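Have a look at the structure below, then the notes.
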Amino acid sequence: MGATGDVETEHERPRREEMLRLFHDAQNAEPLHNFVTSDKLAEIARKLDIPLAEAEGVVSFYRHFSRRPRGRYVVRLCDSLSCRILGSLDVYRYIRRRLGIGRGQTTADGMFTLEVVNCLGCCDTAPNFMVNDTLYTNLDESKTEEVLAALEHEAVKEVER
Amino acid sequence: MRHIQYLTGYTSEGVGTDVEEYMNAGGYVGLQRALALRPREVVEMVTDAELRGRGGAGFATGKKWSTVRTDSEVYLVCNADEGEPGTFKDRFLMERAPYLILEGMAIAAFAVGAHKGYIYIRSEYPRIISELQTAIDTARSTGVLGQDILESGFDFDVGLMPGGGSYVVGDETALLNSLMGNRGYPTLKPPYPTDRGLWDKPTVINNVETLACVPLIFSEGPEWFRSIGAPQSPGPKLYCLSGHVHTPGVYEFPMGVEVRELIEAAGGVDGRFKAVQIGGTAGPVYDEAALDHKLDFASMKSVGGSLGSGAVVVMNTSVNMGHVLEVIMRFFSEESCGQCFACRYGTRQLEHMANEIATGTGREEFLGLMRETAEVMYHSSLCPFGQSIDLALTTLLDNFSDELRAHIGQQDYIREVMA
Ligand SMILES: Cc1cc2nc3c(=O)[nH]c(=O)nc-3n(C[C@H](O)[C@H](O)[C@H](O)COP(=O)(O)O)c2cc1C
Ligand code: SF4
Ligand code: FES
């Protein structure tokens with residue numbers, strides 16, 4: 001690195017503490033697949049001036065980020081105690097029947113990925129899942145059906161547009 | 001014991017989320033008073049109030065603040081990672097009373113000499129992240145955050161940091177690593193963060209609820225604070241009621257409220273009471289003997305338990321304790337950071353055995369093996385995560401051994417979720 005430009009770039013370059021935020025941005029930039037692409041990861045490593053392997057090491061630690069393409073809608077179903085005793089297993093079984101996917105799997109059309117996660121911090125409305133950034137509460141089979149159908153509908157509308 | 005509305009006084013609709021309304025309700029009186037004191041006096045008042053950390057460990061807040069190394073720049077971090085299953089009080093406060101938290105942070109910062117603070121918030125709260133950012137911006141433009149706070153000459157600003165979905169990161173040493181853009185691995189203490197934290201600078205970490213209590217100490221006085229609830233761990237406390245109660249939610253009571261009273265406040269048990277887990281996933285699981293337990297740090301410790309985060313998960317007789325065992329052990333196995341062998345391997349073994357028990361293929365000797373495994377982990381794990389499994393497991397096995405034994409050899413449907 002040239003000595004003269006250093007002061008400038010030092011100010012412009014994001015600091016290492018920005019790493020997780022950059023991962024979030026990178027993942028959000030792929031709304032159809034919800035993952036951090038290799039290009040984006042390399043870009044982040046360059047911006048932070050760290051080896052690519054180091055960025056890879058950090059991103060792999062955090063469950064929120066994926067390095068492989070996922071569905072357009074990532075369903076994060078809570079299966080911690082409060083949700084479990086109020087029916088998360090029923091919700092899980094319904095999704096499995098309805099979409100044909102189990103935990104960690106993505107539907108063939110790339111629409112849904114199902115993840116089973118731990119407490120989402122809203123046990124007072126258990127059982128819960130999040131779909132991308134939206135929380136759905138007090139779930140049972142019929143509400144799950146409503147949510148899935150609405151998301152399918154939304155996706156179809158966007159394709160038509 | 002009656003429920004109280006000190007913290008929740010700021011959480012009612014429209015009060016805590018609007019800076020003007022918040023001030024009309026008495027907000028920022030505490031900060032004003034604190035800024036008129038010397039930092040050392042501010043620390044002394046918190047010590048005098050006997051405030052203990054609400055993040056789980058119950059560490060004396062005044063003591064933490066008084067041990068900060070002073071020969072360097074200091075950072076303040078608000079722990080809003082709230083990953084403990086059954087816990088949603090920090091979310092409640094952040095949603096409804098962001099200025100109470102920011103005011104508490106400003107007082108804490110003044111006390112310990114910090115000019116920069118961070119709120120590390122779990123990424124599962126995306127809406128709160130944007131609302132908090134708005135509150136931070138508003139606080140800045142109102143003069144209660146940023147430069148020359150309330151014209152006192154004191155500068156303090158706050159940045160928001162989203163997490164990445166990891167329970168272990170809630171541990172303070174792991175959280176600091178994560179904040180610096182590293183894997184969220186816990187590290188051995190000492191050095192304590194107050195000595196060597198963010199970028200090796202002294203750093204104070206407090207839980208959201210702890211910081212929310214701080215303004216009250218200055219607006220109402222330390223004697224007032226100390227007069228509420230249990231003598232050895234006083235003050236208001238937010239309890240999180242969930243599971244089989246009629247009206248789950250956050251309930252504010254004086255420290256030391258009985259489990260029975262809390263359940264009544266939450267509308268009573270939906271069905272017949274069977275079990276309760278207190279303090280989070282690593283907390284003890286009790287039968288009805290727990291109904292008389294007083295929920296404060298000292299009382300819970302005296303019965304061999306722990307108050308933890310204040311989570312209270314109520315279970316009725318429909319709940320299968322084999323499933324509870326499985327859910328808890330799977331949590332530990334999934335969330336172990338994998339850094340130390342005992343915890344990485346032990347949690348896998350525990351999950352495996354619990355799964356076999358829950359699905360009816362378990363063997364009698366698993367019950368003893370699980371205890372041994374947890375005990376080894378207690379002695380050889382690096383951080384409290386691996387050490388803490390012992391309590392949940394032994395209470396579960398002690399209090400529900402007949403049922404768990406009877407479970408052995410009975411096929412169940414639980415395997416489905418494991419697939
Ligand atoms: C595995 C683990 C997870 C933790 N999770 C949290 C958490 O989500 N929120 C929190 O405030 N403290 C959590 N803690 C406790 C913190 O390490 C720390 O004690 C606390 O933030 C200090 O704040 P306080 O003194 O105000 O309680 C956790 C500890 C461990 C070991
Ligand atoms: S005890 Fe477990 S969670 Fe804690 S550092 Fe070791 S492996 Fe990680
Ligand atoms: S247990 Fe599901 S949100 Fe807490």
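We name chains A, B, ... by the order of the sequence lines, and we start the count at 1 in each one. The model shown is predicted, which means the values in this text are computed figures rather than measured ones.
- Counting all heavy atoms, side chain and backbone alike, A:Gly121 lies closest to B:Arg122 at N-NH1, 3.5 Å.
- Nearest heavy atom pair, residue A:Tyr62 against residue B:Ser166, reads CD2-CB, 4.3 Å.
- If you take CZ on A:Arg84 and CD1 on B:Ile328, they are separated by 11.0 Å, rounding to the nearest 0.5 Å.
- For the pair B:Lys116 and A:Glu17, the salt-bridge criterion is not met [side-chain N within less than 4.0 Å of a carboxylate O].
- Of the listed residues (B:His244, B:Glu82, B:Glu84, B:Gln277), the one with the most heavy-atom contacts under 4.5 Å to chain A is B:His244.
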Set out, in order, the CA-CA distance, both residues' side-chain angles and the distance that settles side chain to side chain contact (heavy atoms under 4.5 Å, CB included) for B:Glu124 and A:Arg76, then state yes or no.
CA-CA 10 Å; B:Glu124 289 83 352; A:Arg76 294 189 176 88; 5.7 Å; no
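- Under the 4.0 Å criterion applied to side-chain N and carboxylate O atoms, A:Asp133 and B:Arg127 are not assigned as salt-bridge partners.
- Here the side chain of A:Arg16 pairs a donor or acceptor atom with the backbone of B:Gly181 at under 3.5 angstrom.
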For A:Cys119 and B:Phe88: C-alpha separation, side-chain torsions, deciding distance, then whether side chain to side chain contact (heavy atoms under 4.5 Å, CB included) applies.
CA-CA 9 Å; A:Cys119 187; B:Phe88 42 91; over 6 Å; no
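- Between B:Val169 and A:Phe61, the shortest heavy-atom distance links the atoms CG2-CE2, 4.1 Å.
- Closest non-hydrogen pair, A:His64 versus B:Gly165, comes out as CB-N, 4.2 Å.
- Taking chain A as the reference chain and counting heavy-atom pairs below 4.5 Å, the highest number among B:Ser178, B:Ser318, B:Gly249 is found for B:Ser178.
- Ion pairing between a basic and an acidic side chain is recognised when a charged N comes within 4.0 Å of a carboxylate O; B:Arg91 and A:Asp124 show such pairing.
- For a residue to count as touching a neighbouring chain, one of its non-hydrogen atoms must lie under 4.5 Å from one of that chain's; by this rule B:Pro248 touches chain A with backbone and side chain alike.
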Please assess B:Thr281 against A:Leu81 for the test side chain to side chain contact (heavy atoms under 4.5 Å, CB included), listing each intermediate value before the final yes or no.
CA-CA 8 Å; B:Thr281 287; A:Leu81 190 55; over 6 Å; no
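- Note: B:Phe331 CZ to A:Asp79 CG = 12.0 Å, rounded to the nearest 0.5 Å.
- Residue B:Phe92: no heavy atom, backbone or side chain, is found under 4.5 Å from chain A.
- By number of non-hydrogen pairs under 4.5 angstrom with chain A, the leading residue of B:Gly163, B:Ala266, B:Gly338 is B:Gly163.
- Residues passing the side chain to side chain donor-acceptor pair (under 3.5 Å) test with A:Arg63, sequence neighbours excluded: B:Glu335.
- Scored by the side chain to side chain donor-acceptor pair (under 3.5 Å) test, B:Thr395 finds no partners at all (sequence neighbours excluded).
- Contact annotation for B:Met161: both backbone and side-chain heavy atoms come within less than 4.5 Å of a heavy atom of chain A.
- Ranked by heavy-atom pairs under 4.5 Å with chain B, the first of A:His24, A:Gln105, A:Met19 is A:His24.
- With hydrogens and angles disregarded, no donor-acceptor distance shorter than 3.5 Å links the side chain of A:Arg21 to the backbone of B:Pro162.
- Residue B:Leu160 touches chain A through both its backbone and its side chain, counting heavy-atom pairs closer than 4.5 Å.
- Contacts with chain A were tallied for B:Ser242, B:Gly83, B:Gly184; B:Gly184 has the most, counting heavy-atom pairs under 4.5 Å.
- Heavy-atom pairs under 4.5 Å with chain B were tallied for A:Ile85, A:Val59, A:Leu135, A:Ile50; the largest tally goes to A:Ile85.
- In this structure, chain A has a heavy atom under 4.5 Å from the backbone of B:Val314, while its side chain stays farther away.
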